[in-house]
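Written below as structure tokens is the structure these notes are about.
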Number of protein chains: 2
Amino acid sequence: MLKKERHDFIMRQINLHNRVLTSDLVQLLTVSEDTIRRDLQELADEGLLFKVHGGALSKSYHSSFDDSTVYARDSKIIIAKKATNLITDGMVVLTGGGTTILEFVKQLPKNIEATFFTISPLVAVELAKYNNIEVILIGGLFSKNSQVTYGGQVITQLAELKADLCLMGTSAIHPEQGLTDTYWEINQLKKAMLAASKKTAVLCISEKLDIALRLRVCPIGSISYLITELDQDHESLTGYRDKEVNIL
Amino acid sequence: MLKKERHDFIMRQINLHNRVLTSDLVQLLTVSEDTIRRDLQELADEGLLFKVHGGALSKSYHSSFDDSTVYARDSKIIIAKKATNLITDGMVVLTGGGTTILEFVKQLPKNIEATFFTISPLVAVELAKYNNIEVILIGGLFSKNSQVTYGGQVITQLAELKADLCLMGTSAIHPEQGLTDTYWEINQLKKAMLAASKKTAVLCISEKLDIALRLRVCPIGSISYLITELDQDHESLTGYRDKEVNIL
DNA sequence: TATATTATTGCAATAAAACGCAAAAACACG
DNA sequence: CGTGTTTTTGCGTTTTATTGCAATAATATA
């Protein structure tokens, strides 16, 4: 393999996973550690990556690392990590959009093998970094506000799908009123997503608990899992536990 | 064997395998290393390949690899700006993916009013920043390499569409061979995109001119506009102008 | 702090490239 | 046809690039 090809390979790995380990590259490219280190050094000299102890990091990733613009990011990371426990190899998963779902994707183990349907382009791009995940993007009208596809075409496609698990964020959940929303289009969309999945997990930060909005998506009983940043036995979650929702 | 024949042979190898080794060519052509090096040097001087230590690499291959640091970004901005002139209010536009198309979106005037169909999630997200553009993302399998949707579902949806204009990038264009590609899936996709549009504009940097790859997308006559970073009357474009392609 | 992992450095073997040169072939032209 | 010129090619030599190894230093991790 030519040196230039190795460099291209390394850059592709970097762009895909935001990081590379020297040891991984040694195996993948079957050259000595020294060669990989020199490669990384040269690429770093060109300003294409950050060389660190043990490997290298993507520049873009590094600069956008502390993305403090994401609201309540710490809570969302906790939620995302909990959600990954629901995913097992071979699963067919359907996801919505939103920062919490995006964080969930970033927390997935690198080698997981699954099929993901999603209505979020950003989630699709993030999922594409995983070699063993098949990604299907559900197409349709693209919403400027929520950054997901919606509308009749999406609902038609969802009607043909039966996923093992649906992961969605929400702007409101209430022990009596269930899942509710403000916009009719999003409401219709979520109904279709629920119908397209055997089980549904709702990911939301605690401040969205006990809120009911105008339009009802489903009763609380239709939710299989509720994932918040709170402890499983936190008192705020009593109302949901009583309705036999699994609290994670 | 004549020198020209050797050059043709080398270029065929390059387009077929994206790479050649000096040592292989020495054996295949039974000439000395010096001769091969001189051949590669001359072809590199003509801009037909990248000469590297140990051999040479295809230009299209190389530039499709590193999509982090956008290759030839200045040229792509020039191309993108030219392309925006093709867009008028009320138009229905279909776009592919790639860094050049993405740059094109960023160069669009803010108040333009149009409908955009796209197979690229990144393009969709960028288009969503424009208030008066309706964005429809065409869904399907998501390609980890080219970051666009593809496959049967995409082609079925394209079959129902008739856009005014299709904008696509390419890895190779040739005055006699037309538009060509290396991968069958992408080839099928581009054919469907062409069929779904009244006119087609191809955006590519000049180093992709006069290259023919394995699979043919369409003859040069099917292209309405060719947009490069070169001046309209540049001599490299003569072959295309003769085929009645509009050069921008 | 102790231990394991990862980096750095200088060095040597090998491979590739560059350079100058000369033989051979192709070409130009009276 | 002959002669001078240009092009092409290969050879030997020098220079440079690439790679792996071993000894040592730095860094991470328990």
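All values below come from the heavy atoms of this structure, side chains included, with hydrogens, waters and symmetry mates left out. So that the names make sense, note that chain A is the first sequence line, chain B the second, and so on, each numbered from 1.
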(message) What's Val26(A) touching, base or sugar-phosphate or nothing? Going by heavy atoms closer than 4.0 Å.
(response) nothing
(message) Show the nearest heavy-atom pair for residues Gly140(B) and Val154(B), with the distance to one decimal.
(response) CA-CG2, 4.0 Å
(request) Provide, to the nearest angstrom, the distance between the CE atom belonging to Met1(A) and the P atom belonging to dT19(D). (result) 11 Å
(message) What's Thr22(A) touching, base or sugar-phosphate or nothing? Going by heavy atoms closer than 4.0 Å.
(response) sugar-phosphate
(request) Rounded off to whole Å, could you give me the CZ-to-C1' distance for the Arg38(B) and dG20(C) pair? (result) 11 Å
(message) If I take atom CG in residue Leu25(A) and atom P in nucleotide dT6(C), what distance separates them, rounded to the nearest angstrom?
(response) 12 Å
(message) Assess whether a salt bridge exists between Asp8(B) and Arg12(B), defined as any Lys/Arg side-chain N lying under 4.0 Å from an Asp/Glu carboxylate O.
(response) no
(request) Write down the distance between CG (Leu40(A)) and C1' (dT6(C)), rounded to a whole number of angstrom. (result) 12 Å
(request) Quickly work out the Asp34(A) CG to dT18(D) C1' distance and round it to whole Å. (result) 12 Å
(request) Check whether any side-chain N or O of Arg6(B) sits under 4.0 Å from OP1 or OP2 of dT8(D), and answer yes or no. (result) no
(message) I want to check one thing: is the phosphate of dC21(D), taken as OP1 and OP2, less than 4.0 Å away from some side-chain N or O of Ser32(A)?
(response) no
(request) Provide, to the nearest angstrom, the distance between the CZ atom belonging to Arg37(A) and the P atom belonging to dC21(D). (result) 13 Å
(request) Return the 5'-most residue of the pair Leu2(B), His53(B) with respect to DNA chain D, ranking by each residue's nearest nucleotide. (result) Leu2(B)
(request) Give a yes/no on whether any side-chain N or O of Thr35(A) is located under 4.0 angstrom from OP1 or OP2 of dT18(D). (result) no
(request) Inspect the contact between Glu229(A) and Lys82(A) and indicate whether a charged nitrogen and a carboxylate oxygen are less than 4.0 angstrom apart. (result) no
(request) Starting at atom CG of Leu21(B), determine the distance to atom C1' of dA16(C), rounded to an integer number of angstrom. (result) 12 Å
(message) Please check this pair: side chain of His174(B) against backbone of Glu176(B), looking for a donor-acceptor N/O pair closer than 3.5 Å.
(response) yes
(request) Quickly work out the Glu33(B) CD to dC11(D) C1' distance and round it to whole Å. (result) 12 Å
(message) Which heavy atom of Leu49(A) sits nearest to which heavy atom of Ala56(A), and what is that distance?
(response) CD1-CB, 4.0 Å
(message) It should be established whether Lys4(A) places a side-chain nitrogen or oxygen under 4.0 Å from OP1 or OP2 of nucleotide dT18(D).
(response) no
